[in-house]
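See structure below.
In each ligand, atom 1 is the first atom listed, and ligand 1 is the first ligand listed. What you are looking at is a predicted structure, and each value in this text was computed from that prediction instead of being measured.
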Amino acid sequence: MTVLHNRVSQAQLKQKLYEEAQHRTTISFYQYFPISNPQQFRDDLYKALNELQVFGRIYVAHEGINAQISVTDGNFEALKNYLFAIEPLNAVRLNIAVDDDGKSFWVLKIKVREKIVADGISDPGFSMEKKGKYVNAAEMNQLLTDDNTVVIDMRNHYEYEVGHFDKAIEIPSDTFREQLPMAVEMMQDKKDRNVIMYCTGGIRCEKASAYMLHNGFENVFHLEGGIINYAKQAKEAGLPSKFTGKNFVFDDRLGERITEDIIAKCHQCGQPADTHTNCKNDGCHLLFIQCEKCAAKYDGCCSAACQTVYNLPLEEQKELRKGVDKGQHIFNKAKARLRPPIKNKVE
Ligand SMILES: [Zn+2]
Ligand SMILES: [Zn+2]
């Protein structure tokens with residue numbers, strides 16, 4: 001019988017990964033293309049990738065595929081050949097993670113989903129087949145010199161806060177699904193302009209570009225591979241960076257510096273700072289920007305109140321957290337950004 005799901009325990013799998021002698025590379029890729037039978041596509045993909053000892057998390061939907069995987073160096077070429085042999089994935093951009101030990105996954109999970117990026121679009125006439133034009137770093141810089149161009153940032157507010165393209169418009173919403181109609185609304189009088197959408201890795205702005213076209217915008221572009229790819233291309237080609245500050249990413253560094261400019265302010269004292277951190281109080285874990293001085297003053301906490309809790313013996317801290325609505329206080333990326341601005345919390 002063919003194995004379509006993993007049947008070994010998590011602990012055993014993790015153990016196996018750490019004993020593995022071969023180095024692994026973490027790769028991410030996505031592609032929007034029509035998949036008529038996502039379940040069949042998923043099963044075929046699982047069989048092939050399982051044979052190649054690929055680990056990771058992949059989503060398959062009618063609109064395409066989104067993957068974050070790791071592969072042994074020995075199987076890298078075979079994986080690439082397999083993927084490129086699937087017509088719509090031929091020459092798909094494989095983003096190699098830098099500063100990575102390849103130990104991020106120890107099992108292969110492929111899930112069929114409604115969408116690869118949840119968008120809240122209910123219009124049956126919407127399709128990802130008509131997308132905006134890709135622009136690379138050089139073309140992006142060129143378009144930005146044109147007064148007829150508007151740039152739209154399709155990321156979250158805390159990402160925009162520490163770094164963005166010069167003159168980029170922020171769509172002030174906490175979720176991508178709210179951002180889409182809001183972007184259309186905000187750009188209503190700019191339908192004849194060049195509209196460039198961008199995001200961190202390209203997957204969101206590519207969908208946003210299709211949505212703008214669907215809503216009657218004519219000259220829509222999106223930054224290929226997002227800010228990550230732009231920074232890489234600009235560096236390699238020696239182009240000036242039109243992106244200022246830091247590119248926020250959810251890894252241990254919480255951001256990659258693109259230029260030396262610090263465009264954000266410490267949420268506690270207002271001095272220039274762009275280092276995101278999570279409040280050290282385990283009952284809070286708020287994601288916020290803190291300067292070095294405040295980090296020292298508050299022991300890495302978001303407020304004097306959290307600092308007091310943080311400095312209690314562990315047992316007492318646990319006692320305090322009992323009965324507290326954990327849904328609001330346990331760290332959660334999605335919830336962290338919905339918390340009110342912390343300025344009011346500081347005495
Ligand atoms: Zn500060
Ligand atoms: Zn806190």
Name each donor-acceptor pair under 3.5 Å that joins a side chain in residues 180-191 to protein atoms two or more places apart or in another chain, with its distance.
{"residue": "Gln188", "atom": "OE1", "partner": "Lys191", "partner atom": "NZ", "Å": "3.2"}
{"residue": "Gln188", "atom": "NE2", "partner": "Val184", "partner atom": "O", "Å": "3.2"}
{"residue": "Lys191", "atom": "NZ", "partner": "Asn215", "partner atom": "O", "Å": "3.0"}

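Taking backbone and side chain together, His285 holds no N, O or S atom under 2.8 Å from the Zn ion (ligand 2). Residue contact annotation: Cys302 places an N/O/S atom under 2.8 Å from the Zn ion (ligand 2).
Here Leu144 sits in one hydrophobic cluster together with Val135, Met140, Leu143, Val151, Phe165, Ile196, Tyr198, Phe221, Leu223, Ile227, Tyr230, Phe243, Ile258; the rule is ILVMFWY side chains under 4.5 Å apart, joined directly or through other members.
In terms of the salt bridge (Lys or Arg N to Asp or Glu O under 4.0 Å) criterion, Lys111 has no residue partners (sequence neighbours excluded).
Ser209 places a side-chain N or O within donor-acceptor distance of the main-chain N or O of Gly132, the cut-off being under 3.5 Å. Side-chain N or O atoms of Tyr160 include one that pairs as donor or acceptor with a backbone N or O of Ala168 at under 3.5 Å.
Using a 4.0 Å cut-off between charged nitrogen and carboxylate oxygen, Asp282 and Lys318 do not count as a salt-bridge pair.
Of the N and O atoms on the side chains of Asn75 and Gln53, at least one donor lies less than 3.5 Å from an acceptor on the other residue.
At a cut-off of 2.8 Å, measuring from the Zn ion (ligand 1), the protein N, O or S atoms that fall short of it are Cys266 SG, Cys269 SG, Cys291 SG, Cys294 SG, waters left aside.
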